[in-house]
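Both ligands and their constituent atoms are indexed starting at 1 by order of listing. Numbering of residues begins at 1 and proceeds along the displayed sequence.
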Amino acid sequence: MSSNVPDAATSSLLRQIPAVDELLGRPALRSAEARWGRRALVEATREVLQRLRAGISSGAQAEISPAKLERQILAEAENSSRSSLQPVINATGVILHTNLGRAPLPQAALQRVTEVAGRFSNLEYDLERGERGKRDQHTDRLFSQLLGVERALVVNNTAAAVFLVLNSLAEGGEVVVSRGELIEIGGSFRIPDICAKSGALLREAGTTNRTRLADYAAAISDRTRALLRVHPSNFRVVGFTERPPLDQLAELAHHHHLPLIEDLGSGCVVDLAPYGIFDEPEAASSLRAGVDVITFSGDKLLGGPQAGVIAGRGDLLERVRKNALFRALRVDKLTIAALEATLRLYFDGKTQAIPAQRMIEMSREVIGSRAARLAERIAVIPGFSVVLEDGESVMGGGSAPGQSLPTRLLAVRHARRAASDLEGSLRRNLTPIIARVERDRLLLDLRTVFEDQEEEIVQAFGRIAASSGENPWN
Ligand SMILES: *Cc1c(COP(=O)(O)O)cnc(C)c1O
């Protein structure tokens, strides 16, 4: 029998599929209309009927139960009413997880966004003079005070910042970059590509592992417009390596009347050495070494909203500001509100109020005692066993590559279910919980879990136990 000709039984079942209006007329669905709305219920019904049709045609479905269809329609309506973008619980221990939205915003930033975004604001209005102002004014002064720079501009992200700086300062000329810094950051940010798009010709200097000052000097010609240094964010070159100190590179650039640009990526504004993180370049020390323009992210170590910060010498920043492309890359009032509030926390020394900073500063002992308390609660749920072990959290988001923060992990197992299975169940939890699987153990790192999310983790394990046929609370 040819597979695309339905047999008699299948044809008969297909003819019995109820009409959309017939299903929606059922009392339970009629009363659900008040909650979900007519339109959502019609869509949900169509979706469920389409699945039914496919099931019958493939032979997987041998009967039609209107009561079952009704339940499926209600579930579908509930499911599609949920937002696509939703909060998740990050139990991976990766603080600046790009896939999970990088830095969670400080409360103070959320509050400013709420206050400013729902009303009119002085986004581009000078209240003193009663005339048109610039949106840069809201963060410019705080950046100047925090970094000691003459001026700072904010664009959509660091990729945009690097692109705009190169286009403003080096279009039509050459920019010298070490071969060891022609990097790719996740999501296809590649220095050679950004350079090409900006209209600046990339002039490579040195080798992958060693680039000396003399290599830069040899690459400089009358076509050179700038030197570019890039933080190799997500890898480390170890062994036989060399690159000139920043101050010597700045001296060389200035000797040739060229600006030195540095793409820092993360843009650390506080010293992380007390937490065991070295080598993460601090924005202020780059500037002190003589770098003329730095670029860095708002939502990496800074712990604020997605943004690309361009900071440095006033005359160069003015050229960047005058570029017509600035208009295409500028940020909106939500970002400015959140960024200003985040910067103010640094200014006031309240780094503990910045979640990303707080998570970096959290000691293994603090994480360990939280983990021990949570382990006790999970271990009493039937089917589960938990052990605590030493592990490592990482910064993520291209910060501090090859370095980690010591942590305590919960390693969870279930008597009959594989760790990958548990991982999937947690991921499909109403508030999704993202965890790691290693050697058939489910690993949870509480460094990136907010304390008020721990209860939801216990509840989720309880639901897994219930769905595995055990009464979780007996
Ligand atoms: C992360 C990173 C970028 C890209 O930053 P976005 O804000 O995500 O655009 C660029 N350069 C470096 C060195 C980075 O680490």
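- The nearest protein atom to atom 13 (C) of ligand 1, hydrogens excluded, is given as Ser233 OG, 3.1 Å; this is a heavy-atom distance.
- Distances below 4.0 Å separate heavy atoms of His231 from the following atoms of ligand 1: 13 (C).
- Residue Thr158 touches ligand 1 through backbone and side chain together, judged by heavy-atom distances below 4.0 Å.
- Near Lys300, with a cut-off below 4.0 Å to any heavy atom, the atoms of ligand 1 are 1 (C), 2 (C), 3 (C), 5 (O), 14 (C), 15 (O).
- Some N or O of Asp263 is nearer than 3.5 Å to an N or O of ligand 1, by distance alone.
- In Arg190, neither the side chain nor the backbone holds a heavy atom less than 4.0 Å from any atom of ligand 1.
- Contact atoms of ligand 1 toward Arg102: 6 (P), 7 (O), 8 (O) (distance under 4.0 Å to a heavy atom of the residue).
- Near Phe189, meaning under 4.0 Å from one of its heavy atoms, ligand 1 places the atoms 10 (C), 11 (N).
- Summary of contacts: the protein heavy atom closest to atom 9 (O) of ligand 1 is Ala159 N, 2.9 Å.
- Distances below 4.0 Å separate heavy atoms of Ser297 from the following atoms of ligand 1: 5 (O), 6 (P), 7 (O).
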How far apart are the C-alpha atoms of Phe189 and Thr158, what are their side-chain angles, what is the distance that settles it, and do they pass the side chain to side chain contact (heavy atoms under 4.5 Å, CB included) test?
-> CA-CA 10 Å; Phe189 172 89; Thr158 311; 5.7 Å; no

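- Not a single N or O atom of Val230, backbone or side chain, sits closer than 3.5 Å to an N or O atom of ligand 1.
- Counted within 6.0 Å of CZ on Arg321, heavy atoms from surrounding residues, nucleotides or ligands total more than 12; the atom is thus considered enclosed.
- Counting heavy atoms of neighbouring residues, nucleotides and ligands inside a 6.0 Å radius, atom CD of Glu365 exceeds 12 of them.
- Taking CZ of Arg370 as the reference point, atom CG of Leu410 lies at 10.0 Å (rounded to 0.5 Å).
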